[in-house]
**Student:** 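Would you mind keeping the following structure in view while I ask a few things?
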Amino acid sequence: MQRTLKPAAPPSRLSPGALTTLSRCAVPAFALLVYGTMPQPLHPVFLAPDHFLRPGRWLLVGLAVVLALPIGWAGRRPLPVLGLLLVEAFVARTFGMRSWPLFLAADVLVFHIAVGCTRRVAAGALVGVLTGWALMATAFVPVGKAFTVLTGPSSTLAVAAAAGWILGSWIRLRQDHADALRAQAAISAVQAERLRIARELHDLVAHHIGAIAIRAGAAKRVIATQPDGAREALGVIETTSRETLTGLRHLLGALREPDPGGGSAADGHEQTRLRPDLRSLAPAPGLADLERLVASTADAGVRVDVRWSGKRRPLATEVELSAYRIVQESVTNVLRHADARLCRVSVDYGTHELAIEIVDDGGGRATRQPGSGYGIAGMRERVGLLHGRFSSGPRPEGGFRVAARLPI
């Protein structure tokens with residue numbers, strides 16, 4: 001099994017349409033709040049202490065609705081609405097109305113801006129609200145009472161604005177972290193997919209092409225003296241070539257298959273699935289196919305002896321495929337590099353793991369050092385994905401040994 005990054009679930013994000021609907025639904029409630037906090041009669045700051053304004057009830061209702069209407073656009077245009085609320089708060093305070101409902105709405109907008117906008121914009125919104133509150137609180141009081149007003153009950157509005165900014169910034173950090181984890185997981189998935197495709201191509205092509213090269217060389221040497229042997233070799237080359245082409249067609253067809261899940265880039269997330277499961281188009285080879293592999297290898301001039309131990313039983317597809325590919329790649333290396341006559345494959349079905357060992361009696365050590373090609377690396381990657389153990393290297397008595405233990 002391959003480990004994948006699992007980002008923590010981010011806080012839910014409302015779509016712009018949902019935010020617009022929510023803000024428009026809040027307009028009547030906010031208008032009711034503004035109307036309920038209007039003092040009657042009104043005492044504007046520009047009138048003498050004993051002069052008041054006594055507007056009618058419907059005029060006050062209309063004024064409350066006008067003051068609340070900008071809230072309906074807060075979901076899509078929070079910054080202009082925030083500035084308009086601050087202006088309304090100043091006008092309301094000038095005409096003797098209570099401005100704290102407007103500042104309360106501004107505090108909520110600071111939270112919304114901190115969640116959805118950049119840090120600089122959110123900090124500017126907070127500074128604007130705090131500055132507007134400080135100017136509003138001290139503009140119509142004597143200079144000696146300014147400090148008392150700033151530290152009085154109205155300071156709760158400033159604390160609420162700061163708290164909204166902190167909470168919104170924290171949520172925004174969580175969202176950014178979740179987005180980064182999702183992007184990293186997507187990149188890791190693409191890289192893992194590329195490695196998987198590379199392994200499949202290597203394992204599919206290397207064995208058959210190696211066998212074709214050996215049979216072609218043999219046919220070239222005996223075509224003048226042994227025409228029947230050359231004809232037989234050419235027949236094997238034809239059969240092997242057709243099998244290789246069939247496998248390549250399956251693989252390329254899987255790569256070209258569109259994602260059945262559909263999807264588009266409209267949600268801002270790039271599709272990272274490169275292809276459906278390869279097994280959906282072609283059955284994955286397994287240990288049951290080793291006999292056919294042994295037969296094709298014998299035609300190429302190397303005798304492969306397969307020894308089974310333990311209770312043979314079906315295993316997980318990933319284990320079966322990895323085990324087959326490890327044996328296939330090892331036998332291919334024997335054909336191409338070892339100059340061997342005998343290769344022994346041992347397959348042991350244990351209780352908790354499958355043990356595989358491939359040894360040969362060849363002497364081609366120099367060209368088969370680990371890391372000299374992609375075969376050993378691919379086998380090690382396959383075993384690592386299943387959290388197994390892998391080893392390879394020359395044997396002291398001669399030849400080469402590959403061993404793998406796959407958990408089952």
Side-chain angles (χ1 to χ4, degrees), residues 9-40 42 55-95 97-133 136 154 156-172 174-176 178-179 264 266-269:
S12 59
R13 295 185 178 182
L14 295 177
S15 63
L19 286 173
T20 300
T21 302
L22 183 62
S23 59
R24 289 177 180 176
C25 292
V27 171
F30 186 66
L32 183 62
L33 175 64
V34 173
Y35 175 77
T37 58
M38 283 183 177
Q40 299 181 20
L42 301 179
R57 177 178 301 178
W58 291 110
L59 181 60
L60 293 178
V61 170
L63 182 59
V65 171
V66 170
L67 293 177
L69 279 178
I71 299 297
W73 286 270
R76 291 187 178 272
R77 302 181 180 275
L79 286 176
V81 172
L82 178 62
L84 189 56
L85 286 177
L86 294 178
V87 172
E88 289 180 353
F90 180 81
V91 174
R93 181 68 179 86
T94 303
F95 281 86
M97 299 168 56
R98 294 184 177 90
S99 59
W100 67 263
L102 298 167
F103 272 104
L104 183 61
D107 294 344
V108 175
L109 275 180
V110 168
F111 166 78
H112 172 58
I113 293 172
V115 172
C117 300
T118 63
R119 294 181 182 179
R120 180 177 299 180
V121 173
L126 176 64
V127 171
V129 171
L130 294 180
T131 303
W133 166 79
M136 196 72 55
S154 63
T156 306
L157 296 172
V159 174
W165 177 79
I166 294 173
L167 180 60
S169 300
W170 175 73
I171 293 177
R172 175 60 184 265
R174 284 197 61 193
Q175 292 175 343
D176 291 344
D179 290 341
S264 62
D267 57 354
H269 298 285

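We use all heavy atoms of the structure for the numbers below, so side chains are in, but hydrogens, waters and symmetry mates are not. None of the values given here were measured: they were computed from a predicted structure.
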**Student:** First locate atom CG of Leu102, then atom CG of Leu82, and finally report the distance between them rounded to the nearest 0.5 Å.
**Tutor:** 11.5 Å
**Student:** Which atoms form the tightest heavy-atom contact between Pro55 and Leu42, and what is the distance?
**Tutor:**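 Pro55 and Leu42 have their closest heavy atoms at CG-CD1, 4.0 Å.
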**Student:** Identify the heavy atoms of Val27 and Gly72 that sit nearest to each other, and give their distance.
**Tutor:** CG2-N, 3.4 Å
**Student:** What verdict does the side chain to side chain contact (heavy atoms under 4.5 Å, CB included) test give for Val115 and Gln175, after you've listed the backbone C-alpha separation in whole Å, the side-chain angles of each residue and the deciding distance to 0.1 Å?
**Tutor:** CA-CA 9 Å; Val115 172; Gln175 292 175 343; 4.0 Å; yes
**Student:** Any side-chain heavy-atom pair from Ser169 and Arg119 closer than 4.5 angstrom?
**Tutor:**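 No. Closest side-chain heavy atoms not under 4.5 Å.
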**Student:** With side chains defined as the heavy atoms from C-beta onward, is the minimum distance between Leu85 and Glu88 less than 4.5 Å?
**Tutor:** yes
**Student:** Is there a side-chain contact between Thr156 and Trp100, using heavy atoms and a 4.5 Å cut-off?
**Tutor:** no
**Student:** Which residues satisfy the side chain to side chain contact (heavy atoms under 4.5 Å, CB included) test with Arg77, sequence neighbours excluded?
**Tutor:** Pro80
**Student:** Quick check: closest heavy atoms across Met38 and Leu67, and the distance to 0.1 Å?
**Tutor:** CE-CD1, 4.5 Å
**Student:** So do Leu69 and Phe30 actually touch side chain to side chain, heavy atoms under 4.5 Å?
**Tutor:**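 Of all side-chain heavy-atom pairs linking Leu69 with Phe30, none is under 4.5 Å.
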**Student:** Which distance, rounded to the nearest 0.5 Å, do you find between the CG of Leu79 and the CD1 of Ile113?
**Tutor:** 4.5 Å
**Student:** How long is the gap from CD1 on Ile171 to CG on Asp176, to the nearest 0.5 Å?
**Tutor:**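 If I round to the nearest 0.5 Å, the distance is 12.0 Å.
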**Student:** First locate atom CZ of Phe95, then atom CZ of Phe90, and finally report the distance between them rounded to the nearest 0.5 Å.
**Tutor:**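 These two atoms lie 10.5 Å from each other.
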**Student:** Of all heavy-atom pairs between Val129 and Phe103, which one has the smallest distance, and what is that distance?
**Tutor:** O-CE2, 4.0 Å
**Student:** Check whether more than 12 heavy atoms from other residues, nucleotides or ligands sit under 6.0 Å from atom OH of Tyr35, and answer yes or no.
**Tutor:** yes
**Student:** Starting at CG of Leu126, measure out to CG of Leu109 and round the result to the nearest 0.5 Å.
**Tutor:** 13.0 Å
**Student:** Do you know the tightest heavy-atom contact between His112 and Pro78?
**Tutor:** CD2-CB, 3.6 Å
**Student:** How would you list, by chain and number, every residue that makes a side chain to side chain contact (heavy atoms under 4.5 Å, CB included) with Ile166, sequence neighbours excluded?
**Tutor:**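 Expected list: none.
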**Student:** Return the minimal non-hydrogen interatomic distance between Ala122 and Ala114, and the atom names on each side.
**Tutor:**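 Shortest heavy-atom contact: CB-CA, 3.6 Å.
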